[in-house]
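Everything below concerns the one structure shown next.
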Amino acid sequence: MRFMSSALHRGCFGSSASRSATASKSKEHELLPEKVVKNAQMINKVRVFVAMTAGMVAGVLGLTGFIGFVAFFVMSLVTTIYMHFVIMNGNAMRYVTEDQPLYSFGALIGNMTTYIVVWTLVYDFIHVF
């Protein structure tokens, strides 16, 4: 996942020259929308990649039933912790907004579909056919 650290835009905050006069008076930083969108897209791509990889691993290992779902949740949790503490240095709000949180149930369930498709496909190819 080393590629992600260079792909996330660390400078999501606007510079003092790009802020309006009223915004520059406040000490809060404003996020640049185009960089926040790029970061959200990169995070989504990583989550899809992890879901596909976890599905392949679970299919090759022959995991079935509840254990297969546990494998997905563990991989998703490990990925989220890695992104938060290693890539984002513990400061996720510098890269994403509250509207696009790093930890969301919707993102987890959305990628579960990808996981299930890849998991069953690989399992069938290896263990059934």
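Every value quoted in this text rests on a predicted model; they were computed, and no experiment measured them. Only heavy atoms go into these numbers, but all of them, side chains included; no hydrogens, no water, no symmetry mates.
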Is there a side-chain contact between L108 and R47, using heavy atoms and a 4.5 Å cut-off?
-> no

Any side-chain heavy atom of V122 within less than 4.5 Å of one from V57?
-> no

Should [X] and [Y] be regarded as members of a common hydrophobic cluster, given that ILVMFWY residues are connected when their side-chain heavy atoms come within less than 4.5 Å of each other, either directly or indirectly?
| X | Y | result |
| --- | --- | --- |
| Y123 | V118 | no |
| I126 | M56 | yes |
| L61 | I67 | yes |
| I81 | V86 | no |
| L121 | V128 | yes |

Do H127 side-chain atoms and V60 backbone N/O form a donor-acceptor pair below 3.5 Å?
-> yes

Output yes when a side-chain donor or acceptor of Y115 lies under 3.5 Å from a complementary backbone atom of G68, and no otherwise.
-> yes

Just how far is it from atom CD of Q41 to atom NZ of K45, taken to the nearest 0.5 Å?
-> 6.0 Å

Distance (rounded to the nearest 0.5 Å) between M75 CE and N111 CG | 12.0 Å

Note: I43 and M83 closest approach over all heavy atoms is CG2-CE, 4.0 Å

So which heavy atom on W119 is nearest to which on G59, and how close?
-> CD1-N, 3.6 Å

Of all residues at least two apart in sequence or in a different chain, which pass the side chain to side chain contact (heavy atoms under 4.5 Å, CB included) check with M112?
-> F69, F72, F73, I109, I116

